[in-house]
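Notes to accompany the following structure.
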Amino acid sequence: MTSAEKTKELYNQLRRLSCEELWEDEVQRFNAATERERADRVALVRAVGVVFSEQGSDAQKELVRPWLRALLNDPCEKIRRYAMAALPKIGAADGDEGELLALLQKETTGDREKKFLGESLEKIGGAATLREVSGLFARTEQKVKAAIARSEQPSTIRLDRELAQVSQLRIHLRGRAGLEFTVRAEVDEAILRRGKFRVISTRSGLVVLAPTAPFSLGDLFALRCFGTIGFVLGSGADVAEIITSPSSLRLFETFTEGSIRYRIEYIGKGHQRAAVRDVALRAFALCPKILNDSQQAPWMVEVRGDSVELRPRITPDPRFAYRQHDVPAASHPPLAACMARLAGPMEGEIVWDPFCGSGVELVERAMLGGVAELHGTDLSEEALGFAQANLTDAGLANIPAKFECCDFRAYSALRANSATLVISNPPMGRRVPIPNIRGLYQDLLEHSARVLKPGGRLIFPNPLKLDRIPKSLRLISSQLVDLGGFDCRLELYRKNSA
Ligand SMILES: C[S@@+](CC[C@H](N)C(=O)[O-])C[C@H]1O[C@@H](n2cnc3c(N)ncnc32)[C@H](O)[C@@H]1O
């Protein structure tokens, strides 16, 4: 076994011990050992950093801190390096930064050790580090700058500012595959009302737009059916050059309040840590005001093949901020918005969601206007409370709404031929098994056929092939939609006129 393998094996053993066992037995044994034995047991330093950061109380971390700090000056370089990596794990305290900087300035500190010191300072350094490393350690400088900017000047995305120069810009509205034509229909309607964009193409899960006039993010977030927005920054191998180009900078500067910070994600390619590090460093050299930051960054740079996109990260999504309360199987809000739009309006709409959960479909339908009454049923009292609260938070409390905790088959407030729309995302039985799921979907069709007025609609994702469709219901459309990892048909029925 090589020395590296032995260290790894020892680490795996020590990693399983408690803080008490590490401190009372292992650390004491390490302290009493010879220099050679200590070097062989260096894995203990790493284990202490990890175990105390994950399980240690504040008092336990303070107990171990002086030990780790003392090891920063150990005669053995390997032990010093391990201590440098372990110290930031238990969180920075007064004096830690100074200790690390003192080592950085020491003449005897070699380049390899300085690299490790730089990595530790990236995690806990502040203004003092910035003064020391500026122009010397670009990576540490950019990370510390980002951390200071994050804490002193938190950034937000501005929805109200207009981007003036729009020529050549492409905007990708992404959503669930199968819903692109609904997203497009909403865009077409918005263009008719306000202009500002034109549709370039529609592909599976993607609508490509080009702005035709100055626009704000608010113009885009007025649309409810897409999932995410990506501004196409460019294509090519040099991601750093693309994200620091004048047109990228205009996007960043127009739409960001505060420091410009971004994360990078190589879509479908895993972490790509080395590539991220390289891009971050080069981009910082090209434009020091654009900072790579893995925490709370307002922008995500998405590398999709050789295309680079910029996605605003706004949480909560302002379109669905009414969702203060959630159930575990809550619907994907853009899917609910698409369902409401696909159903289309009917005068004096009386809407029922038989499986309403937290009420996302009801809210999304009500947001389109023209609703006279809302009805929601669910087996969960808690979910119904959430639905009511969400409706209020969405500013829709003025619409008469009735929620009842019951099996949807037992709901009697809607008489035959009284509702105009049944909209629902029924349980699929994927997480919580549903006894006789076929019977449940069959009953949904029967009950909808009964309560709907002639001309009324039923819309729901149907995972089954049902053979008994009530005679009064006619299938208007059926489209295969990605429901988040599995495909399902989204079906729209209309009740025949009497
Ligand atoms: C997929 S979730 C609906 C989520 C909802 N659209 C939302 O966004 O929160 C399905 C819901 O159906 C409810 N449910 C299951 N069986 C039911 C039944 N027989 N009658 C009424 N509700 C039922 C569950 O409690 C669950 O809240």
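Atoms within a ligand are numbered from 1 in the order they appear, just like the ligands themselves.
- Contacts of Ala387 with ligand 1, taken as heavy-atom pairs under 4.0 Å, are absent altogether.
- When the heavy-atom distances from atom 25 (O) of ligand 1 to Asp378, Asn390, Leu379 are ranked, the shortest goes to Asp378.
- Protein heavy atom nearest atom 2 (S) of ligand 1, with residue, atom name and distance: Ala329 O, 3.7 Å.
- Under a 4.0 Å criterion applied to the non-hydrogen atoms of Gly357, ligand 1 contributes the atoms 5 (C), 9 (O), 27 (O).
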If you apply the rule side-chain contact (heavy atoms from CB on, under 4.5 Å), what do you find for Gln442 with Asp467, and how did you get there? CA-CA 9 Å; Gln442 200 63 59; Asp467 40 19; 4.2 Å; yes
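- Atom CG in Asp378 sits 9.0 Å away from atom CZ in Phe355 (nearest 0.5 Å).
- Ring pair Phe231/Phe255: centre-to-centre distance below 6.0 Å.
- Of all atoms in ligand 1, listed by their number and element, those nearer than 4.0 Å to a heavy atom of Ser358 are 7 (C), 8 (O), 9 (O).
- The distance criterion of under 3.5 Å between nitrogen or oxygen atoms is not met by Asn425 with respect to ligand 1.
- Nearest to atom 23 (C) of ligand 1 among the protein's heavy atoms is Phe355 CD2, 3.4 Å.
- If you number the atoms of ligand 1 from 1 as listed, the ones under 4.0 Å from a heavy atom of Cys406 come out as 20 (N), 21 (C).
- Every atom of ligand 1 is numbered from 1 in the order shown, and the set under 4.0 Å from a heavy atom of Val327 is 9 (O).
- Closest to atom 21 (C) of ligand 1 by heavy atom, among Ser331, Ser380, Pro427, Pro354, is Pro354.
- Near Arg409, the atoms of ligand 1 lying under 4.0 angstrom from a non-hydrogen atom of the residue are 19 (N).
- Using a 4.0 Å cut-off between a side-chain N of Lys or Arg and a carboxylate O of Asp or Glu, Glu265 and Arg263 do not qualify as a salt bridge.
- Using a 4.0 Å cut-off between heavy atoms, Asp407 contacts ligand 1 through both its backbone and its side chain.
- With hydrogens and angles left out, the side-chain atoms of Ser472 and Asn496 include no donor and acceptor closer than 3.5 Å.
- Side-chain contact, Gln168 with Ser247: no donor N or O sits under 3.5 Å from an acceptor N or O.
- When the shell of 6.0 Å around CD of Glu119 is examined, it contains more than 12 heavy atoms from other residues, nucleotides or ligands.
- For Glu446 and Tyr441, the side-chain atoms include no donor-acceptor pair closer than 3.5 Å.
- Close N/O approach between Thr377 and ligand 1 is not found [any backbone or side-chain N/O within under 3.5 Å].
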With salt bridge (charged side-chain N to carboxylate O under 4.0 Å, His left out) as the test, would you mind laying out the steps for Glu180 and Arg203 before giving the verdict? CA-CA 7 Å; Glu180 52 279 354; Arg203 279 178 265 156; over 6 Å; no
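- In this structure, Met428 has no heavy atom closer than 4.0 Å to ligand 1.
- Ligand 1 has a nitrogen or oxygen under 3.5 angstrom from a nitrogen or oxygen of Phe408.
- Taking CG of Asp393 as the start and CZ of Phe386 as the end, the distance is 12.0 Å to the nearest 0.5 Å.
- Salt-bridge formation is detected for the pair Arg341/Glu189: a Lys NZ or Arg NE/NH1/NH2 atom is positioned less than 4.0 Å from an Asp or Glu carboxylate oxygen.
- The closest approach between Cys356 and ligand 1 falls below 4.0 Å for a heavy atom of the residue.
- Contact annotation: for Ala336 versus ligand 1, there are no heavy atoms closer than 4.0 Å.
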